[in-house]
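What you are looking at is a predicted structure, and each value in this text was computed from that prediction instead of being measured.
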Amino acid sequence: MRRIRAAVTGAVTLSLALTACGGGGADDGGQAKKTLTYWASNQGSSLEVDKKVLQPELDEFERRTGIEVKLEVVPWSDLLNRILTATTSGQGPDVLNIGNTWSASLQATGALLPWDAKSFDAIGGKDRFVDSALGSTGAPGQDPAAVPLYSMAYALYYNKQMFKDAGIAKPPTTWDEVVAAGKKLSKDGKSGIGVEGSNLSNNIHQVFVLGKQHGADFFTADGKPDFTSDGAVAAVKQYVDLMATHKIVAPGNAEYAQNQSLSDFAKDKTGMVLWQTPSQTFASQGMTEDEWGVVPAPVASGKPGTGTAVNSMVAGINMAVFKNTDNLDGALKFVKFMTSDEEQTVLNKTYGSVPPVKGAQKDPAFSGPSLAVIRDTLASSAAALPQVPEESQFETVVGTAVKELFADAAAGRPVTTESVKAKLDKAQQQMPKK
């Protein structure tokens, strides 16, 4: 077995510099070294942390295959627009990470490699992957547009010391309890819960789940946008009201889009945060595991489950290949490497996520109480975002509407049912007409 490479931030000493692609250098056969470009999503506390985590893995891949991988870590606030621009221009990377919710939208562009039986065979077979993870890789009835890389779900993380200091005996499990705890925590310059008000994807994830809890799906059964239903409006208002009405979110969170809410949490400025597997980020900022706790994300009442008891979207990162790559063989080898049992264990252990590869899930690292919450959520109370071609536009226009409503709340402007409905109506008018 090869050595386990350093994946923890403080243990990494390799240089971040990436050798430029080109004809210089040779493999063992004396020919020009092949290269790949890879757009990775921001999984850690910063872009630099992700580079430190990933670069040793890419170096190992190069050692094994002679293929150099040129890495760019793209922040979530830019990733979807970068990908959409690349699908239009044809000037994209060879391999890229995508949010699993975008799979059907990006599939519809025709720019991504369809994962047919032959492609899956090249990376070890489709049956290596967990079925629930494969369910968010593209539209039903079509070859997937990507393969699963990391599996995640939302949970509620809470600062144990801040809860103790505020006299809160147990973590909240319902939204009423979240608000009550948040008000006790919001004092002396600290706030109850953090949000990423300018992160469009995060906004969608939260209001989609709240929509489920209000009996709304944001799309009709035949795939048409339905953003202004009573349930959808109530969901968006409930989320923004954490700042606008209940005052348990600091106004500055309206501008957050780069994991700042996690930094606030780790620095004891915020008592709670709803997030997908943030343990690596907490550790990178000096927060030990005994300083925070985790419980399932809240519901209106009772326990998480199906229907109106859904408490998370099916979260995860998929790995896709641009169809026009000039190094398809190398791209498939890279995907095979990144989804191997060994590599899945290394990466998911570092990021605190759950491997979507069955063999890697057997590692004891994924049996702890924190990941048990995530696994249980994925198995019993998470719902996939609509697998429709317009999903990415949905994230953009409704995510922007929520961003603008947070800006209103931060500025002290009233957020009413009417103003929420007006924003969502404007968003619906921006969707493609069928």
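- Distance alone, capped at 3.5 Å, is enough to place a donor-acceptor pair between the Asn203 side chain and the Gly399 backbone.
- Interatomic distance, Leu385 CG to Asn100 CG, rounded to the nearest 0.5 Å: 8.5 Å.
- A pairwise comparison of heavy atoms in Thr270 and Ile193 identifies CG2-C, 3.4 Å as the closest pair.
- Across Met152 and Gln43, no two heavy atoms sit closer than the pair CE-NE2, 3.8 Å.
- At least one side-chain heavy atom of Val53 sits under 4.5 Å from a side-chain heavy atom of Leu347.
- Checked against ring pair (Phe, Tyr, Trp, His ring centres under 6.0 Å), Phe334 has the following partners two or more places apart in sequence or in another chain: Tyr38, Phe61.
- The two residues Val207 and Ala235 come nearest to each other via the heavy atoms O-CB, 3.8 Å.
- With sequence neighbours excluded, the residues satisfying ring pair (Phe, Tyr, Trp, His ring centres under 6.0 Å) with Phe218 are Phe394.
- Judged by distance alone, with hydrogens and angles left aside, the side-chain atoms of Glu196 form a donor-acceptor pair with the main-chain N or O of Ser261 at under 3.5 Å.
- In this model, a donor atom of one side chain and an acceptor atom of the other lie less than 3.5 Å apart for Thr288 and Glu291.
- Remark: Gln285 pairs with Ser45, Ser263, Ala266, Lys267, Thr281 by the side-chain contact (heavy atoms from CB on, under 4.5 Å) rule, at least two apart or across chains.
- Within 6.0 Å of NZ in Lys237 there are more than 12 heavy atoms belonging to other residues, nucleotides or ligands.
- For the pair Leu185 and Tyr158, the minimum side-chain heavy-atom distance is 4.5 Å or more.
- Checked by atom type and distance alone, the side chain of Asp241 never pairs as donor or acceptor with a backbone atom of Ala244 at under 3.5 Å.
- The shortest side-chain heavy-atom distance between Pro75 and Gln258 falls under the 4.5 Å cut-off.
- Under the salt bridge (charged side-chain N to carboxylate O under 4.0 Å, His left out) criterion, Asp264 pairs with no residue at all, not counting sequence neighbours.
- No close placement of the Tyr157 and Phe265 rings is indicated, their centers lying 6.0 Å or farther apart.
- No donor-acceptor pair closer than 3.5 Å links the side chain of Asp78 to the backbone N or O of Val74.
- Gln428 contributes a side-chain N or O that, together with a main-chain N or O of Phe227, makes up a donor-acceptor pair within less than 3.5 Å.
- Atom NZ of Lys160 is surrounded by more than 12 heavy atoms from other residues, nucleotides or ligands within 6.0 Å.
- Within the structure, side chain to side chain donor-acceptor pair (under 3.5 Å) pairs that include any residue of residues 305-325 comprise Asp94-Thr325, Ser103-Asn318, Asn311-Ser381 (at least two apart or interchain).
- Between Ala315 and Leu378, the closest heavy-atom pair is N-CD2, 4.4 Å.
- The shortest side-chain heavy-atom distance between Thr35 and Lys70 does not fall under the 4.5 Å cut-off.
- For the residue pair Arg128 and Ile123, the shortest heavy atom distance occurs at NH1-O, 3.5 Å.
- Nearest approach of Phe129 to Pro148, heavy atoms of both residues: CE2-O, 3.5 Å.
- Within 6.0 Å of NZ on Lys269 lie no more than 12 heavy atoms contributed by other residues, nucleotides or ligands.
- Residues satisfying the ring pair (Phe, Tyr, Trp, His ring centres under 6.0 Å) test with Trp102, not counting sequence neighbours, are Trp76.
- Taking 4.5 Å as the limit, some side-chain heavy atom of Met319 sits within range of a side-chain heavy atom of Asn97.
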